[in-house]
Structure formats: C-alpha cells, structure tokens
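Here's the structure we're looking at; comments come further down.
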Amino acid sequence: MNRKEQIEILKCRPQVSVLIIGGGINGVGLLRELALQGVDALLVEKSDFCSGTSSASTRVIHGGLRYLENGEFRLVKESLQERNRLLKNAAHYTRPLPTTIPIFTWSRGLLPALGKFLGFKVSPHDKGAVLVKIGLSLYDQCAGRQNPLPRHSFSSRRAALGLRPQLREDVVCTATYYDACISYPERLGLEIVLDAERQCSDVHAMNYVSAKGAQEDTVLLEDEASGESIEIKPRVVINASGAWIDFTNRALQRKTQYIGGTKGSHIVLDHPELLLATQNQMLYFDNTDGRICIFYPVNGKVIAGSTDIPVSDPETANCEEDEVDYILESIRRVFPAIRLNRSHIIYRFCGVRPLPRSNSSTPGEISRDHICAFLPAGNGIKFPIYSLIGGKWTTFRAFGEQVTDRILNDLGRRRLASSADLPIGGGRNFPQGAADKREWLTSFAEKYGLSIQRMEILLDRYGTRARDVADFIGNAPDEPLRSLPAYSRREILFMAEREKIVHLNDLILRRTMMALLGQLSFELLVELAGVLAPALQWPEERAQEEVQRAVRLMEKVHGVKLASRQ
Ligand SMILES: Cc1cc2nc3c(=O)[nH]c(=O)nc-3n(C[C@H](O)[C@H](O)[C@H](O)COP(=O)(O)OP(=O)(O)OC[C@H]3O[C@@H](n4cnc5c(N)ncnc54)[C@H](O)[C@@H]3O)c2cc1C
C-alpha cells in the first residue's frame, strides 16, 4: 500500500484503539508489541522513522556501567538482559564491543564514589584502578551467569602502552569489559515498523504525518507531504515524541512539564592513526568535568562523543563548534600523541535526550531509566494519554512490553505473545558462526546469480533480508551507481519501493550510512534522486528540490559542504 492509499483508509476508518505519536525507537518498539497482541494501532511520525534522538545515539547497546554509581542496579540488570536479547534477536546489526578504560591512578575516587553512592553531592573525580575493579566486578555480577560476553580483565601499563603507544605516558593500567554496538540503528527501527505491519493487518505506521491538535474524541493529524488534514478517533493515545513530549501534550490540550532534555553531540573522524588506536575496541574515559567520553570504530571511521548540555527546544539543537572543541580536546587529553583537528571530521550529529525534568545541576546524574506517565481523559479531551519518558535504544523492548501490559489492561484484553525471543527483520535465521555464514552466502549467491562478495555486502547491510534484496535486484538489469559503485541502482530502487522513503534525506541518512561515512558528493545526490524519481513519482523539479534540500541539511546540521562541480 502506498502513502496515498494509506491516508485514504485512515480517512474512511478514523477509529483506532491506540494512536502512537512519535516514530522513534520507543514508539516503533511499542507498535510492534501491540501488533503482536493483535491490537489495532496507528503510529504517526512528523518526520522520518528514527530521525529524532534515535538517530543521534552513540550506537552502544549497553548495561550502563555508569548507572552503578547512582545505585541503579535494577536498570543495569534490565539493560544487560535486553543487551543480550538484542545480540540474539538483531544479530545482523549488533555485535559485541570490547571496551577499554585507560586508568591513570590506583586508588583515587574511592571516597567521592562512596559519597555519591550514598547520595551526597560530590564533584567530578578520576576513577582509580581499585574503583574501576569494584565497578566492573559489580557489572559482571549484574550480567549474571548466563552472560554470553566475556568478563572484564585488566592489562598492565606495559601491555597497555605496547598495544597503544599513543596513550598518555602516566597510564597505570587499562581495564577491558564487554558491551555491544549496533551498526544500523535507524534501519533496525524501520525493520521493527515493517515487522509490526506484517504481523497485524490492523497496524499501520506513517512517516511525515504529525499530530497537530485535539478536540473531544479526535486527534487532528497533518500529512507533512501534502498538507492534507486527517481526523483520528483513538481510544488511547501514546505520546512517544521523546524530547517533544511536552510540546505534543500541549497540542493535545494538556499542559505537562515532564521533559528536561540535554543535547548530546558526536563527530565522525576519518583518521587512520586514531582508528588504529581503537584496536577495534571502544575507548571509554572520564573527562575533567566528569562526563564520559568515548570513541570507537565504525566501518573504517571513528565515532567520538558526546556532550551533555541542557536545552529547552529540541528543534534548535545542533552540534556547535564549542562541542567539537570539547570532544577533540577530550581525546587529545588521553591520546596526546595523536594529532587531531577539524579537517579530520567528516560528519557531525546531535540529538536531545528525553530525560525526565530534574533539579540536578549535573546532567550526567539524571536517571536514564524509563517512565510511563499517565494523564486520564479530561480538560475536554475524551481519551487518556500515556507519555513515554526517557529510555534508551538498549531497553526499548522492555519499555514497550511494560507499556503494552498497561494498555492491554485498559482495553480489557489479554497478552497473546512475548517479543523476548522474537528476531527482528533481517535478524531472522541469521547465520551463526563462520561455517554457517559461508554456506548461507554460497547457496544464496548461486540462487540469485550474484557473486559471493556482493551477497556478503548485502548480508552485512540487510541481514537475511538480503535474500529479498537479491531477488529484487535479479528481476531486471542492474548496474553499480557511477558515483558510489558499492551500491547498485536496483538496490536503491528496492529501498524506494519497500522501505517508506519519502525524501532523499531518508535514503542518505537512515536507510544507508552514506552520510555518516562521508560517502556523499553532489554528483551522488543527483544520481540517487534520479533513481528515486520514477519510483516515487517525482517530477523533474521535485528531484532537484530534493537534492537542494539534502545539500542544505548536510551543511546546516551535519557540517558537510557538498558543492556542485559545474
Ligand atoms: C547523545 C546521545 C547518545 C545516546 N547514546 C545511546 C546509546 O549509546 N545507547 C542507548 O541505548 N541509548 C542512547 N541514547 C538514548 C536514546 O537514543 C534515546 O533515549 C532514544 O532514542 C529516545 O527515543 P524516543 O523514541 O523516545 O525519541 P525520538 O527518537 O526523539 O522519537 C520521538 C519522535 O517523535 C517525533 N515527533 C515529535 N513531535 C511529533 C508530533 N507532534 N507528531 C508526530 N511525531 C512527532 C519526532 O520527530 C521524533 O522522531 C543516546 C541519546 C543521545 C542524545
């Protein structure tokens, strides 16, 4: 069904049990949970799926080592359990991530840490080896006996400097523990949407549709693409609009002050020496102000971040120059021998953490737990609203499950199924181990007439959905893109036809990693728009507009200048 047909159906059938506003990871995760229970639901997202905060994370699937300092053991345990589930259920996009902490003192930080744990206010402090040992032992403990990842280990100063000679000379040792990372978070979000729609025919998700207002039993939606209005009559509304939650509630005639967002920025660097220093691990260390800094490799580049700065309006949050200085300086402090400057930056991004409003002057101390706030019908509005506050990529499934139980209770329905062991998208039947993978590649490369190398690239990008892509590619003549031969025209066409692309930006930022990996050029944008145009019925002017829109966004938001060479 295309967008037009979907909108016509909504107009004819405005009644829906659950309306979810916001298509970030919390919204789409909940949609899939509801689909599994056979509950009819509609999700609307004002932009593209996972284009808000969910596109701006560090991409780490983690238990939250730092949360132990605040005594949040329940959150750490839940996060570790969900991390392990994601490693199984989204095996195509998640992988274990060894994480190394460089340590510069033996015993510093013990007393402040104890004070913090007991609830006293303490200033930022370096963590010595003893404290890190206690923290990592607790972390291993929280992961439990079934933990599939190795326990932590320590390396001597000599070994640490042997492996990373660029490290600060006064390092006393390093500690390494395991978490996980996710290669294509936005694609995983999209796969969750596609799975939900496939699971239940009464479940729909529409990007570029925003919630604009409410009256009595009706929510007023607007199609951002055509300006058309749509009226929906939900029994329950879920406000999953993240950092926009209070704005959305206000549009729905309810005044709330749930959110105290903090923005976080990252930069992506093309820097072979820094890449080498990662040794395929994440580096994790405290900055002088107590914030955590990290960097780790992603497809031959290095992601580094992040900042944590209170903001009031998520629409205006951008990665600013002083944040870039801050991130570069934090790396230089630990790796002084590595020369870094702005010329190494190929991309930058920023998002606003939808944290609960708090009086804490230290953003890092605000809980990263999730809360579901309830507003009963009232103020002339006839439906209740649940607001999904906080949460993380790591815990979206658990959060969605908990909220679904409350909704099922409201609707007087019973739970039918659990998502705990349910694979997502291309994680279904994902080959395990080298031999299994080799067999998978050989058999499907032969079946679809592609080389094993090409099939491997598709498996990496789409998980086992690579079969659908390969099948589609094989149905007509294909050729590599002139400006980026790692992709072919029919591969792009597959995404245009099957993956809810509305704008060129959806393709370059979220269906692929072209923007993040610095692969864009003006010529590539023109070529991609040319491939999308017939599939999305864009006239010539619209294709040109899409290119200009992408150029503007890349420069204004991501610090990338794409000039035409004409
Ligand atoms: C810098 C940073 C680093 C992070 N790192 C990690 C990490 O490594 N691991 C981890 O697990 N988590 C991490 N997180 C946390 C995680 O990314 C977020 O908590 C999560 O993405 C929030 O998802 P969400 O769905 O609530 O919000 P969003 O993803 O922001 O989704 C809300 C959506 O609502 C839409 N919307 C708003 N108003 C309307 C309206 N009126 N109508 C329709 N739609 C509307 C928005 O466009 C948006 O897409 C990080 C966050 C940040 C900022």
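Whatever order the structure lists them in is the order used to number ligands and atoms, beginning at 1.
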Please identify each residue that fulfils salt bridge (charged side-chain N to carboxylate O under 4.0 Å, His left out) with Glu228, with sequence neighbours left out.
Lys11
Excluding sequence neighbours, so at least two apart, what forms side chain to side chain donor-acceptor pair (under 3.5 Å) with Arg235?
none
Contact residues of ligand 1, where a non-hydrogen atom lies under 4.0 Å away:
Ile21, Gly22, Gly23, Gly24, Ile25, Asn26, Val44, Glu45, Lys46, Gly52, Thr53, Ser54, Ala56, Ser57, Thr58, Arg59, Val60, His62, Val209, Ser210, Ala211, Ala240, Ser241, Gly242, Trp244, Thr248, Gly264, His266, Gly351, Arg353, Pro354, Gly391, Lys392, Trp393, Thr394
Would Arg332 and Glu329 pass as an ion pair if we require N to O under 4.0 Å?
yes
Glu78 side chain to Gln402 side chain, donor-acceptor N/O pair below 3.5 angstrom:
yes
Return the set of residues passing salt bridge (charged side-chain N to carboxylate O under 4.0 Å, His left out) with Arg254 (not counting sequence neighbours), or none when no residue passes.
none
Salt-bridged, Arg342 to Glu321, with N to O below 4.0 Å?
yes
